[in-house]
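Indexing begins at 1, ligand by ligand and atom by atom, following the structure's order.
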Amino acid sequence: MAFDYDLFVIGGGSGGVRAGRVAAETGAKVALAEEYRMGGTCVIRGCVPKKLMVFASGYSSAAAEARAYGWDVQIGDFDWPKFRTNLHKELDRLENIYRTNLGRPGVEIFDQRAVLQDANTVKLADGRTFTAKHILVATGGTPFVPDVPGHELAWTSNEVFLMETLPKRVLIVGGGYIACEFACILNGLGVDTSQYYRGAQILRGFDDEARGHIAELIQGRGINLHVGTDVERMEKRDDGIWVKSTDGAEATFDAVVYATGRKPNSGGLGLEKAGVKLGRWGQVEVDEYSQTSVPSIYAVGDVTDRINLTPVAIREAAAFVQTVFNDTPTKPDHELVASAVFTQPEYASVGLTEEQARDERPIEVYSAAFRPMQNAFIDKNERVLFKLIVCANSRKVIGCHIISPGAGEMIQMVGVAIKMGATKEDFDRTVAVHPTMSEEIVLMKTPVRTA
Ligand code: NDP
């Protein structure tokens, strides 16, 4: 049977764009449909604008530090409209690059929604239908907001990037990546920031010691963090959004931002009709090669809810192209994926937490928390944390946790060593770079505990 395309990609985010481009470079005839903006969550309303906001928000504390170092510098108010204009100019530029990169190898782009009709057919919003030998679902995820009374008053991270003015008082709900990052960003921009998290400690799933450390630091920076607290109800009142919390407290904010997780963007795509199996949370179920229950349909990225990170989606997309278009069956590698939470300071990690590791095998824990030189000089009481988890049997370093400025940059390097199977003795025989904070990673000689 002759198909209109070798590959039809639904979704122009990190995974979809990479798969479409690389497949077209093999000579395949490829189309891609995107209903919103090319680049997807990461470029348009996620990692990229978030990181630019992290940069912007860091200057308030940098100015205070500069004064302590002797600079005669005053910082005024933050001009959000000016920043927002520049931010969106930058996003337009990046979107164009994505578009150009797709066009170069000949990917045909449809700027509209596409849904599945059957195992080899997609239907566009304008009514046209196309057949394809393979279909790739790369539709990402979307913010989830629980159904609390008044939830329609809340923003998600999507709206934060578009807000007209900076709120004076904000409540962030949640304790994950997005909640902690936005709490730090808005606090740094001068917004009076509160954060409610329903559990006992933020960043569930991360290393307990690091969670406690980062919670203290962000409170030290001025975030009003309430753990064991959730929103009971919200109402629009004359002076803002009134919030009653589960601990009985009442407070009023100019904006409430829900960062309570994301769900796979799989609804209304015709997946079930085409025979594609979905999991309990709506995630597209795939095998190790990203193939769904329908052999001609594959899925990559957040819609599959494996590890919801841009670089992972890109690797899944590349492995899909190797498997399907280069005749080289390739499984994406989900082992030892490093990541960073862009709080201020950052928390970055790779491998196991102490809690996960000690349940599996005997371990040694090396950990150092200290005031780095730059802070000690100005009597700034913020400590960094460097922590290694070592398997007592193999001597391999199986986890690393860093809280410090630039931790995201550091963990990329440590990640290579750990991925290569470096032992604690390999770290030990590496000569320190002095004077740095990260030299501590090769200088910790005695375990603080074993388990
Ligand atoms: P997370 O899953 O990290 O966190 C969700 C938070 O919301 C948790 O604290 C969770 O609490 C809480 N929550 C969930 N449901 C409810 C509810 N019904 N009521 C109250 N609180 C609730 O999701 P995020 O939205 O922060 O981020 C989504 C994903 O995006 C991340 O998992 C990550 O993969 C990716 N991401 C990565 C970033 C990075 O690499 N820097 C940055 C941003 C996002 P509990 O812990 O109790 O379940």
Among R204, K263, E346, which one puts a heavy atom closest to atom 48 (O) of ligand 1? R204
If you take all heavy atoms of I241 and V256, which pair is closest and at what distance? CG2-CG2, 3.9 Å
So is there a nitrogen or oxygen of P146 less than 3.5 Å from a nitrogen or oxygen in ligand 1? no
Sole candidate of E232, E235, E250 that passes salt bridge (Lys or Arg N to Asp or Glu O under 4.0 Å) when paired with K244: E232
Quick one: which ligand 1 atoms are inside 4.0 Å of a heavy atom on K50? 41 (N), 42 (C)
Any chance the side chains of N326 and T328 put a donor and an acceptor closer than 3.5 Å? no
If you measure every N or O of S339 against every N or O of ligand 1, does any of those distances drop under 3.5 Å? no
Test of proximity, V341 against ligand 1: N or O pairs below 3.5 Å: no
Side-chain H-bond candidate by donor/acceptor type, Q195 with Y197, under 3.5 Å: no
Under 3.5 Å, is there a donor-acceptor pair linking the side chains of N96 and R99? no
For R113, which residues count as a salt bridge (charged side-chain N to carboxylate O under 4.0 Å, His left out) partner, sequence neighbours excluded? E35
Looking only at side-chain N and O atoms, does R306 offer a donor or acceptor that is under 3.5 Å from a partner on S290? yes
So the atoms of ligand 1 within less than 4.0 Å of a heavy atom of Y197 turn out to be 9 (O), 11 (O), 45 (P), 46 (O), 47 (O)
Looking only at heavy atoms, what is the nearest atom pair of E181 and A340, with distance? OE2-O, 4.0 Å
Ligand-residue contact atoms, ligand 1 with R262, heavy atoms, under 4.0 Å: 28 (C)
Among non-hydrogen protein atoms, atom 42 (C) of ligand 1 lies closest to E181 OE1, 3.3 Å
Considering non-hydrogen atoms of the protein only, which is the closest contact for atom 17 (C) of ligand 1, and what is the distance? R198 NH1, 3.3 Å
Any N/O of L309 closer than 3.5 Å to an N/O of ligand 1? no
Would you mind checking which non-hydrogen protein atom is closest to atom 37 (C) of ligand 1, with the distance to 0.1 Å? Y177 CD2, 3.4 Å
Would you say the side chain of L385 lies within less than 4.5 Å of the side chain of E440, judging by non-hydrogen atoms? no
Ranking P143, G175, G261, G141 by closest non-hydrogen atom to atom 25 (O) of ligand 1, top hit is G261
for atom 7 (O) of ligand 1, nearest protein heavy atom and its distance come out as T260 CA, 3.1 Å
What atoms of ligand 1 come closer than 4.0 angstrom to any heavy atom of A259? 5 (C), 6 (C), 7 (O)
Using a 4.0 Å heavy-atom cut-off, which part of D302 comes near ligand 1: side chain, backbone, both, or neither? neither
Between ligand 1 and I178, is the shortest N or O to N or O distance under 3.5 Å? yes
Among non-hydrogen protein atoms, atom 4 (O) of ligand 1 lies closest to G176 CA, 3.4 Å
Mind checking side chain to side chain donor-acceptor pair (under 3.5 Å) for T323 and listing every partner two or more places apart, or none if nothing turns up? none
Can you check ring pair (Phe, Tyr, Trp, His ring centres under 6.0 Å) on Y177 and Y347, steps first, answer last? CA-CA 10 Å; Y177 280 86; Y347 169 25; 9.2 Å; no
Between ligand 1 and A340, is the shortest N or O to N or O distance under 3.5 Å? yes
So which protein heavy atom does atom 20 (C) of ligand 1 come closest to, and at what separation? D230 OD2, 3.4 Å
Identify, for atom 35 (C) of ligand 1, the protein heavy atom at the shortest distance, and state residue, atom and that distance. N308 O, 3.3 Å
Would you call the rings of F83 and F78 parallel, tilted or perpendicular, taking 30° and 60° as the class edges? tilted
